[in-house]
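Scroll down for the structure; my scribbles are underneath it.
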Amino acid sequence: MQYIQQTITGFDGSEAQFIGYVPDDSPDLQPGRVRASILILPGGGYVMTSDREAEPVALRFLAKGFNVFVLRYSVRRSHYPVALVESAEAMRLIRTNAEAWHADPERIAVMGFSAGGHLAANLATTAGDDDLHEHGYDPDEVRPNALMLAYPVITSGEYAHRGSFQYLLGAHDHDQALRDKLSIEKHIDAKTPPVFVWHTMNDATVPVENTLMLIAACRVAGVSVEAHLFPEGRHGLSQANEETAYHGSAEHIVPAVQCWPELAEAWLRRLF
């Protein structure tokens, strides 16, 4: 297996960490096999990037036969669009190195958790296209082929996770035009790739309305969406099992939710 570690330098001087897990090409298996890839963007309210939503999830999907990459994007003192541009660079790296990394450049999904879900959706939709152009990227060349979201931050409106937008925007937090620009449900259109999303109904941190608004926007725009709403479970469950439970807390172990990686894999296999 290739284990890849690279630093992506943000335009503000910050450093994001790009990590890849790429299975070797083996003559004993399927010589010349080209795999689908997943780029994981962990959550953390744009304050940090959660370990619980990074390597454990990467290893789960690596075992399912995908190339998996994790971006620990810049947060806290780095404001919009630093993380978006870093995510675009991560996509560029995967597509540029597709041959060396045995990756199909047209089968790349981005998977985002919580605030990382907002970032993933920002990259996948047209919301940040103007900013990507300004920083030298063709948005269509770095847009993923599928969007996978877990309890995502979507709206900057009534049901917003206020802290995420405060850290994302910094001193520009009260710029209503900018907040509207980053309210993802307003930017779902024909360029949005197919969406897989899950949420718990009683999430008290990022209300389920975020996902419901996303579903409604996809329906209006004719974007394919598969959504799973689980009856219970707090925010930030990751895999909802002992492996990813915060400090081993039983609150993060929810058996009913533990099926989501299999649901996501089945969806991705049908799509790709």
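Because only heavy atoms are used, hydrogens play no part in the values below, and waters and symmetry mates are left out as well, while side chains stay in. No experiment lies behind these values; they were computed from the predicted model shown.
- With rounding to the nearest 0.5 Å, the separation of CD1 in Ile188 from CD1 in Ile215 is 11.5 Å.
- Remark: the His172 side chain and the Tyr80 side chain contain no N/O donor-acceptor pair separated by less than 3.5 Å.
- By the 6.0 Å and 45° rule, Arg95 does not stack over the aromatic ring of Phe69.
- The shortest distance between side-chain heavy atoms of Thr49 and Val70 does not fall below 4.5 Å.
- At most 12 non-hydrogen atoms from other residues, nucleotides or ligands lie less than 6.0 angstrom from CD of Glu232.
- No side-chain donor-acceptor contact under 3.5 Å links Ser238 and His252.
- Note that CZ of Arg33 is 12.0 Å distant from CG of Asp104, once rounded to the nearest 0.5 Å.
- Side-chain polar atoms of Glu15 and Thr7 form no donor-acceptor pair below 3.5 angstrom.
- Taking the ring centre of Phe165 as origin, the terminal cationic atom of Arg179 falls inside the region bounded by 6.0 Å and 45° from the ring axis.
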Stepwise ring-ring contact (aromatic ring centres under 6.0 Å, His included) check, Phe196 with His228: CA-CA 8 Å; Phe196 174 95; His228 297 273; 5.4 Å; yes
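- Note on Trp260: it clusters hydrophobically with Met148, by side-chain heavy-atom contacts below 4.5 Å among ILVMFWY residues.
- Looking at Leu229 and Leu212, their side chains come closer than 4.5 Å, going by heavy atoms from C-beta outward.
- Around CZ of Phe11, the count of heavy atoms belonging to other residues, nucleotides or ligands within 6.0 Å exceeds 12.
- Note on Ile108: it does not cluster hydrophobically with Leu62, by side-chain heavy-atom contacts below 4.5 Å among ILVMFWY residues.
- Under the 4.0 Å criterion applied to side-chain N and carboxylate O atoms, Arg72 and Asp51 are assigned as salt-bridge partners.
- Under a hydrophobic-cluster definition in which Ile, Leu, Val, Met, Phe, Trp and Tyr are linked whenever side-chain heavy atoms come within less than 4.5 Å, directly or via other members, Leu71 and Leu147 are assigned to the same cluster.
- Side-chain atoms of Thr200 come within 3.5 Å of backbone N or O of Gly233 as a donor-acceptor pair.
- Asp24 and Ser26 are not linked by any side-chain donor-acceptor pair at a separation below 3.5 angstrom, with hydrogens and angles left out of the test.
- Looking at Asp129 and Arg143, a side-chain N of the basic residue comes within less than 4.0 Å of a carboxylate O on the acidic one, giving a salt bridge.
- Looking at heavy atoms from C-beta onward, Thr125 lies out of side-chain contact with Asp189 at the 4.5 angstrom threshold.
- Ion pairing between Asp130 and Lys181 fails under the 4.0 Å rule for side-chain N and carboxylate O.
- The minimum heavy-atom distance between Pro42 and Ala54, with the atom names listed, is CG-CB, 3.9 Å.
- Here OH of Tyr167 is found 9.5 Å from CZ of Arg77. Values are rounded to the nearest 0.5 Å.
- Heavy-atom neighbours of Arg219 CZ from other residues, nucleotides or ligands within 6.0 Å: at or below the threshold of 12.
- Ring geometry for Trp198 versus Tyr151: interplanar angle over 60°, hence perpendicular rather than tilted (30 to 60°).
- Counting only N and O atoms by type, the side chains of Glu89 and Tyr137 include a donor and acceptor under 3.5 Å apart.
- No side-chain heavy atom of Phe61 sits under 4.5 Å from any side-chain heavy atom of Ile40.
- Glu185 pairs in a side chain to side chain donor-acceptor pair (under 3.5 Å) with only one of the listed residues (Thr211, Asn210, Thr155), which is Thr155.
- Linking ILVMFWY side-chain heavy atoms closer than 4.5 Å, directly or via other members, places Tyr73 and Leu169 in a single hydrophobic cluster.
- Only one option out of Glu243, Glu262, Glu55 pairs with Arg60 in a side chain to side chain donor-acceptor pair (under 3.5 Å); it is Glu262.
- Note on Phe113 and Met91: separate hydrophobic clusters, where clusters join Ile, Leu, Val, Met, Phe, Trp and Tyr whose side-chain heavy atoms are under 4.5 Å apart, directly or indirectly.
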